[in-house]
Amino acid sequence: MKILKVKITALLGFALMTAASPCMAADNLISKADLRIAAQLGKKAYGSDLAYKIDESLTTEVGPRRVGTYGDSAGIAWAVAKMKAFGFNKVWTERVVTPGWYRGKIEARVTAPYPQRIEAIALGNSVGTGKEGVTAPLVHFRTMAELKAVPDGSLKGKIAFISLRMERAHDASGYGKGGAPRRKGGIIAGKKGALALIIRSVGTSNNRITHTGGQSGNIPAAAISNPDADLLVNMFKRTKEIKFFLKSTAGRTKDVITANVIGEITGSSDPKNYVVMGAHLDSWDMGTGAIDDGMGVGIVLAAAKNIIDSGKRPKRSIRVLLFGAEEIGLYGAAAYVKKHEAEMARHVIGAEWDLGTGKIYSLQPGVGQTALKAIAQMAKL
Ligand SMILES: [Zn+2]
């Protein structure tokens, strides 16, 4: 999941600049006619449950879509069929090569002094412990800074545990901060010599469920549920000598092939300039992939369908870009940039939805000075 705040109505305002109405005057304002169209589209979108219905279709007919699985290829076929049914002018796929990984089975428990089962999940791209598993002393770090501070090699023969908690925030900033142990913990703990890494799940649920996600270290790495992380913290209040057993049969495989799926509404008078609305089609395998990121898929496809159904052709081409292999490390996005390098300067605006939708409360564009007036018009919408 990445963080994005540009919301759909604003983007429609930008995309739907028709050939008939001069889109941007010298002062870079959006014409009144185009603002009207954008407002109509926004009203239609907010009054419709189409995005939800698309997501429901994806999760019911396909389900989870982790790269390299049956669901991944079924999801690609689903997206192609959906785009064709919606009336896009062009629909195609582009090959994406991505590292392969399998989850295997995991077992985790405290063996002493308070033997208890621990609810755990392997982190994406992590290696396994071998069939026997490892039993080793657990070393507690409350923050990444504490882990970084210990000398290299000092965790030899030990398992590192980072208890950093993700804080809930309206703009999801807590996910970025709370996710550091998952993204970097394995690399740093490995450098310190650790046998394995255990982190608190990057999520705010108090239920005994775990949250997976990608990581880049080369030691076995797992997340445990919030209540289980609390349990370990409470044990550490009583003793520093905690022994932990971890067995993970996760592992890496040779590269696998997946795809980006692209649907284009070809522009009327400026078709070689592009407005891109993206979301990732792949998901992790433990849920149905409804929220991360079936919801984004629903949002961008519904927006495009509303534009197609309006009967008005945008001036520029709109590309709905459903990325493959996002979760394992943004491989679909990188493949798109590489393949379209020569036309990247003609990508007028790009946005990606991976945080759901709701009432717009913030618009934070990364545009230049000359476009700011137009952004203010969008914000009004
Ligand atoms: Zn996501």
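Just so you know, these numbers come straight off a predicted model, no measurement behind them. Counting starts at 1 for both ligands and their atoms, following the listed order. Along the sequence shown, residues are numbered consecutively beginning with 1. Atom set for the values below is all heavy atoms of this structure, side chains included, hydrogens, waters and symmetry mates excluded.
- Among the heteroatoms counted here (N, O or S) of H280, NE2 is the one nearest to the Zn ion (ligand 1).
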Distance-only donor-acceptor hits, side chain of residues 217-228, under 3.5 Å, sequence neighbours excluded:
residue: N218; atom: OD1; partner: R252; partner atom: NH1; Å: 2.9
residue: N218; atom: OD1; partner: R252; partner atom: NH2; Å: 3.2
residue: S225; atom: OG; partner: D228; partner atom: N; Å: 3.3
residue: S225; atom: OG; partner: D228; partner atom: OD2; Å: 2.4
residue: N226; atom: OD1; partner: R200; partner atom: NH1; Å: 2.7
residue: N226; atom: ND2; partner: G203; partner atom: O; Å: 3.0
residue: N226; atom: ND2; partner: S205; partner atom: O; Å: 3.1
residue: D228; atom: OD1; partner: E119; partner atom: N; Å: 3.2
residue: D228; atom: OD1; partner: R208; partner atom: NE; Å: 3.3
residue: D228; atom: OD1; partner: R208; partner atom: NH2; Å: 2.7
residue: D228; atom: OD2; partner: R208; partner atom: NE; Å: 2.8

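- For D354, the N, O or S atom with the smallest separation from the Zn ion (ligand 1) is OD2.
- Its N, O or S atom nearest to the Zn ion (ligand 1) is what matters here, and for D292 that atom is OD1.
- The CG atom of L321 lies 10.5 Å from the CE atom of M277; values are rounded to the nearest 0.5 Å.
- Every residue meeting the side chain to side chain contact (heavy atoms under 4.5 Å, CB included) condition with D55, not counting sequence neighbours, appears here in chain and number order: T59, A290, M295.
- Classification of the F323-Y336 ring pair by plane angle, with boundaries at 30° and 60°, yields perpendicular.
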